[in-house]
Each structure stands twice: as structure tokens, then as C-alpha cells.
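Remember, it's 1-based here, ligands and their atoms both numbered in the order they're listed. A quick note: this is a predicted structure, and the numbers were derived from the prediction, not measured.
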Amino acid sequence: MLNSLRTQVGIIGAGPAGLVLSHLLYLHGIDSVVVENRSRQYVEERVRAGVLEQGTADLLVEMGVGERMKREGLLHSGIELRFGGRGHRIDFQDLTGGKGITIYAQHEVLKDLNNARAATGGQVYFEVEDVSVHDIDRPRPKVRYRKDGNSHELDCDFIAGCDGFHGICRPSIPSAVLTEYERVYPFGWLGILAEAPPSSHELIYTYHDRGFALLSMRTPRISRLYLQCKPDEDIAQWSDQKIWQELQLRLAADGWKLTEGLVLQKGVTGMRSFVVEPMQYGRLFLAGDSAHIVPPTGAKGLNLAVADVQILARSLKRFYDTGRRDLLDSYSEVCLRRVWKVQRFSWWMTSMLHRFPDENSFDQRRQLAELDYVTGSRAAATTLAENYVGLPME
Ligand code: APR
Ligand code: PHB
């Protein structure tokens, strides 16, 4: 039997894009249904990024889902760039007129959003199967899926493709309509979560002969650390002891000590830059990782996903309030202007801080000069700072 359900906006994926969109629409008085193929527990436990731009944190507060973040999140007003064994602070607060970032894990944001959706009667269906979209270029597009063995059809005005890079929405658009832009990097990040108090109050991005390293954190007791590695690095070859040894070498600086601890989790991620244009086809709107991927240097993935859905939510609000389609029609163009600036920033941070297999001594000298410039010139430091805390929304 086919169960039919009616909603204004069908949302595929309960990651940051899907859940922020669903709650923003609720606050605008617009009905939505979210379908997600993983379990709620999986989504709420998966370790991902942890840096919120000023605007992302402000938005969560405005949406009424920022209480726990305000209590438990760590406010940072700068980062350190470390090279040649010395640290150099980039002071965001000073350079951006008081802005900063909040360290608060993505899965904690998702827990808060799920709780807010549940408390306000939000319809979020987890563990659905065989999700597909239909009639996306017609006035009443449909989402079909199976749950607990039953088939369902969601009759919508619009569909939001918030289903990440491997989702089904982007491939549902005729390929002739889309142009893809991509760069795959010849390295990855080996990341650990460790039961160790962070050895620095703020994040440390390190350029080192042996490769990039990053010290980040989740809480006052939990550190998150990364090492540049081969893109296909076999994690089985990396004992906890070897990881700590390598982190000690790359992060070393005079008078500074890296505190070690129990490794709670470890993994390797590849790095790519990817954009698809346009981000809309008919009544299907792509948002977040389904439309673009950034390399993690600069921590932009989640923030960019949130920016997309803010633009989408206000475009849908205009449509339902006034019948005007102008903002919906310009959705892709407006998003892509920000997307490409964030792509540029993430690529630039990545290029400045990593060792490349095909580089020569000229490239290394140029990277060091770039770091010297960024940490020595107020103008250059300001460009890093204003991008890191988040460019203003259009
Ligand atoms: N049907 C339903 N849900 C799906 C499907 C599908 N066919 N395919 C994927 N999903 C779900 C995934 O299980 C995931 O929960 O869509 C969600 C997409 O979430 P994210 O991958 O987190 O993407 P997004 O919401 O765009 O957020 C981007 O999150 O994890 C980070 O690196 C990412 O920081 C970036 C940000
Ligand atoms: C993280 O804490 O996971 C993190 C921080 C900064 C980055 C990337 C990841 O640039």
C-alpha cells in the first residue's frame, strides 16, 4: 500500500543543512517533512567538524537552539599559525571588530536541533529506505521512500536536497544541466579524538617539513588532532603511539608541551574541493554538501551548509508570504557567490599549510613567505580573520 503525505517542503537528509532548514521553516510558519536514511542515534554520534562561525552561532541562538551551545561551547577569539617552530596569533576579535568562533561539535548541534524539532511537532523520519525524487520540474514534486516495509509518497511544493555529497538529489538532476568543478588533493587528514585536555587555549594550524598538523578540541577535557597523511593512508599502520610521536614532532615549539591521552577514535579523510552549478533545478534546491565540498582546512563545511539554508529559507518565506519567486529564482546565484569565496579561502588555507608531493624548494619558500606575510601584515591577517569568522551574509 502507498501512504500519501502532503507538505510544503520535502527535505532529504537530517544533517546540519536539513535540520537547520526544517527548523527555520517552522519559525517562518512553513510546513516541512525531513527524511533521513540513518538512525537518529547515528546522526547524533557521528564525529564531524566542530567550529562555528560567528554568524552560525548567532543564528542558532536566534532560532532558540543555542542555549546548550552558549553554556558548553568554547568561545575563541583567535587562532595560532605555527611554523619554523614558532607560534603567531591571528587575533580575530581585534581584526574583525569583535567577532570570533565557537567550538561546539557538529553532532551536539544536531542533538539540539533534533530536540527542538521534536518539541515543536517537527516531522523528522529516520531510518527510511529507497528515497527517490519525482516530477522535480513540475509544480508538485514528490519524494518516495520506504519505512518499516511500507511505501510512502510525500507530495510537496518544493524539495530541498540536503542529503550530502553521496546523496540521491544531485544525481536526480539531468546531468546535461549541471557543471561540476573539482579538485582532489594529493593528501588526506588522519584525525584522532583524545581524552586529553587541549594543550592550547586556541586552535593551532602548523606548517612543518613532515607535513601539516592541527590541534583542535571539543571540550576542556577532549582534544581533536589531525595530521596530514597520504590520501589512502592505512589507519591500521598507525598505532596510537606512532600518532602521538608524529604529532609531537610536527607541533613542537619552544617552551610548549603537547599533552597526550587515551585515543577515543581515529580515522582518515580524503580532501577535495567540489562545486556543482547551478544549485537548483525546477523545484529541487540543493543545499550543503550535496552541492559543494570544501577541504577541512578552515572548517567551513558546516558553516557553508547553514548559509545555504538561510538563503533558501528566506526565499521560501518570500514565496509563501507574497507569491513572489524572485528570491527562489536567484537562490543558486546568491549561494554560489558565497560558495566560491569560501572555496577560495579553504583552498588557500590548504595550499599554504600542506606539503605537496610534486612541490620543489621554490614552493616551500613561497609557502613560508606567505605565512610570514599573513602573520606579519595587519592587512593580510585581516583577510584571514574575516574569512575565518565568516563573511557577512548578502
Ligand atoms: N536519503 C535520505 N538521507 C540521506 C540520503 C538519502 N538517499 N543520502 C544521504 N542522506 C543523509 C545522510 O545520512 C546525512 O545525515 O543526508 C545527511 C547529509 O548530512 P551531511 O553529510 O552532514 O551534509 P550537510 O547537512 O550538507 O552538512 C554539511 O556537515 O558533516 C559535515 O562535512 C560536512 O561540514 C559539512 C556539513
Ligand atoms: C575540528 O575541530 O574538527 C576542526 C577544526 C578546524 C579545522 C578542521 C577541523 O580547520
Side-chain angles (χ1 to χ4, degrees), residues 10-22 33-40 42-53 56 74 76 79 101-107 109-110 113-114 124-133 143-147 159-172 189 191-193 198 202-206 212-219 222-226 265 267 269-272 274 279 286-309 312 342 345-346 349-350 353 388:
I11 300 175
I12 303 179
L19 289 176
V20 170
L21 178 63
S22 160
V33 173
V34 182
V35 293
E36 161 64 52
N37 57 11
R38 301 289 192 155
S39 69
R40 178 166 173 179
Y42 178 89
V43 167
E44 292 187 353
E45 287 177 0
R46 181 171 39 179
V47 176
R48 309 286 277 271
V51 177
L52 307 181
E53 291 177 355
T56 304
L74 310 172
H76 286 189
I79 56 165
I101 53 169
T102 302
I103 307 301
Y104 189 63
Q106 173 168 320
H107 64 269
V109 176
L110 295 182
L113 285 162
N114 275 328
V124 184
Y125 300 122
F126 291 95
E127 294 175 85
V128 306
E129 293 169 302
D130 301 332
V131 178
S132 58
V133 295
V143 178
R144 293 203 189 117
Y145 59 95
R146 291 167 55 74
K147 174 142 178 76
I159 297 174
C162 302
D163 51 350
F165 185 64
H166 300 288
I168 54 99
C169 288
R170 191 178 67 254
S172 303
W189 278 11
I192 63 167
L193 196 66
E202 293 175 339
L203 271 60
I204 305 176
Y205 287 82
T206 308
F212 170 76
L214 170 63
L215 181 148
S216 179
M217 63 217 59
R218 286 294 175 270
T219 71
I222 306 284
S223 296
R224 179 92 171 127
L225 296 128
Y226 298 95
Q265 221 190 69
T269 36
M271 316 233 311
R272 73 169 75 216
F274 173 87
M279 288 170 57
L286 302 178
D289 277 15
S290 73
H292 41 69
I293 295 285
V294 287
T297 333
K300 290 295 168 203
L302 178 153
N303 295 292
L304 197 52
V306 170
D308 287 350
V309 295
L312 185 53
V342 173
F345 175 70
S346 305
M349 287 282 281
T350 303
L353 289 162
Y388 204 106

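Side-chain contact check for Ile103 versus His76: some heavy-atom pair is nearer than 4.5 Å. Using a 4.5 Å heavy-atom cutoff, the side chains of Ile293 and Met271 are not in contact. Counting heavy atoms from C-beta on, the side chains of Met217 and Leu74 come closer than 4.5 Å.
Take Ser346 and apply the side-chain contact (heavy atoms from CB on, under 4.5 Å) test, not counting sequence neighbours, and it matches Val294, Pro295, Lys300, Val342. Scanning for salt bridge (Lys or Arg N to Asp or Glu O under 4.0 Å) contacts around Arg46 gives an empty result, with sequence neighbours left out.
Annotation: cation-pi pair Arg170/Phe165 present, NZ/CZ under 6.0 Å from the ring centroid and within 45° of its normal. A cation-pi arrangement is absent between Arg272 and Phe274 under the rule of less than 6.0 angstrom and at most 45 degrees off the ring axis.
Between Tyr125 and Tyr145, the ring planes are parallel. Angles under 30° get that label, and only those over 60° would be called perpendicular.
Residues of the protein with a heavy atom under 4.0 Å from ligand 2 are Val51, Trp189, Leu203, Tyr205, Leu214, Ser216, Arg218, Arg224, Tyr226, Pro296, Thr297, Gly298, Ala299, listed by chain and number.
Proximity of a side-chain donor or acceptor of Asn303 to a complementary backbone N or O of Val51 within less than 3.5 Å is detected.
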Report all N/O contacts between ligand 1 and the protein shorter than 3.5 Å as a table of atom names and distances to 0.1 Å; if there are none, say 'none'.
| from | atom 1 | to | atom 2 | distance (Å) |
| --- | --- | --- | --- | --- |
| ligand 1 | 3 (N) | Asn37 | N | 3.3 |
| ligand 1 | 13 (O) | Glu36 | OE2 | 2.6 |
| ligand 1 | 13 (O) | Asn37 | OD1 | 3.4 |
| ligand 1 | 15 (O) | Glu36 | OE1 | 2.6 |
| ligand 1 | 15 (O) | Glu36 | OE2 | 3.3 |
| ligand 1 | 15 (O) | Arg46 | NH2 | 3.2 |
| ligand 1 | 21 (O) | Arg48 | NH2 | 3.4 |
| ligand 1 | 25 (O) | Pro16 | N | 3.2 |
| ligand 1 | 25 (O) | Ala17 | N | 2.9 |
| ligand 1 | 26 (O) | Asp289 | N | 2.8 |
| ligand 1 | 29 (O) | Gln106 | OE1 | 3.3 |
| ligand 1 | 29 (O) | Gln106 | NE2 | 3.1 |
| ligand 1 | 30 (O) | Arg48 | NE | 2.7 |
| ligand 1 | 30 (O) | Arg48 | NH1 | 3.4 |
| ligand 1 | 30 (O) | Arg48 | NH2 | 2.6 |
| ligand 1 | 30 (O) | Gln106 | NE2 | 2.9 |
| ligand 1 | 32 (O) | Asp289 | OD2 | 3.4 |
| ligand 1 | 34 (O) | Leu302 | N | 2.8 |

